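For this chain, numbers begin at 1 and follow the sequence in order. All ligand and atom numbering here is 1-based and tracks the order in the structure. Just so it is clear, the model here is predicted, and its values are computed rather than measured. All values below were derived from every heavy atom in this structure, side-chain atoms included, with hydrogens, water molecules and symmetry-related copies excluded.
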Amino acid sequence: MPAKIIDGKAIAQKIRENIKQQVAPMKTKPGLAVVRVGNDPASIVYVNSKEKACQDAGFYSEKYELKEDIQEKDLLKQISKLNKDKKLHGILVQLPLPAHISQQKVLEAISPEKDVDGFNPVNFGRLLSGNKYLYPATPKGVVRLLDEIGCKIAGKHVVVIGRSNIVGKPVAVLLLERDATVTICHSKTKDLIEECRKADILISAVGKKGLVSKEMVKQGAVVIDVGITRENGKLFGDVDFDDVKKVASWITPVPGGVGPMTIAMLLENTLVAKRKIEESK
Ligand code: NAD
């Protein structure tokens, strides 16, 4: 039987509707600032869809479109202003940044309380120490998808392909927290096929179209495709969808799988940040 398709778009829509209902009666709306530097076409699309999602959910939002050649110190000054702005509960700087700007410095400059992407080292440390706060949106979205389809995580063997700070590492930690046994694979992994074949849950976060074929997937595994490759205006995941759906039990499509969840989790994180900021007053 072919795999069931995990409809990330519908799940994300349900979450966004729920958030909208929570926000409607609030006197002070959750506020999110999204900062983009330069004109990377994918970043423009992401930032615009994040802004639209904010508007749909009834959030207060600000969008900053900064020039490609902005000096690092000026970007840091801008972030410092946003940190102090009481209307804002979340700040997101769209990555990647131009090469002359230190990504690390910028992420460290965002106040941990407003760090809705969860990339500030303080929140990364909280994640590693099992201290719940703001989790990175995409990994959080992956775990939510597994929960939504009723996939038990405890005791399962999860294989994550990719070890970035944005997806691979945090998703592995979140699943470890949920009592999975986790293997992280990467570009230097010796036998990727053999490692992947052990997975009950296989998560690919690489950005290489067609990397995951049927031969790498155990019969009945759940396959989550985080990867995105753009080719001639079309989006592709890492997973050879038509091939892998023959053996998997569940599979996410690209587009319409993990991507919409990232935005839903960003809104959720902004709501979490608002509540925490208000509690600490
Ligand atoms: P990255 O480039 O920082 O990391 C890629 C990882 O893949 C690295 O750890 C590398 O070791 C590993 N890798 C590269 N080639 C490999 C190979 N042949 N075999 C095994 N591992 C290999 O990327 P990232 O920021 O983690 O993003 C990964 C993908 O996920 C990208 O396509 C990105 O666009 C996508 N992404 C999607 C969302 C979403 O919302 N759907 C969010 C974030 C990232």
Exercise. Could Arg16 and Asp56 be called an ion pair, given the rule that one side-chain N must be under 4.0 Å from one carboxylate O?
Worked result: yes

Problem set entry | Ion pair check, Glu268 and Arg144, cut-off under 4.0 Å | yes

Exercise. Salt bridge or not for Asp85 and Lys87, using N-O below 4.0 Å?
Worked result: yes

For this session: Could you walk me through whether Asn18 and Gln22 pass side chain to side chain donor-acceptor pair (under 3.5 Å), step by step?
Result: CA-CA 6 Å; Asn18 180 286; Gln22 293 182 59; 2.7 Å; yes

Problem set entry | Ion pair Lys245/Asp240, N-O distance below 4.0 Å | no

Problem set entry | Neighbouring residues of ligand 1, heavy-atom cut-off under 4.0 Å | Thr138, Ile161, Gly162, Arg163, Ser164, Val167, His186, Ser187, Leu192, Ala205, Val206, Gly207, Lys208, Leu211, Val226, Gly227, Ile228, Val258, Gly259, Thr262

Problem set entry | Among Lys274, Arg275, Lys276, side-chain contact (heavy atoms from CB on, under 4.5 Å) partner for Val272 | Lys276

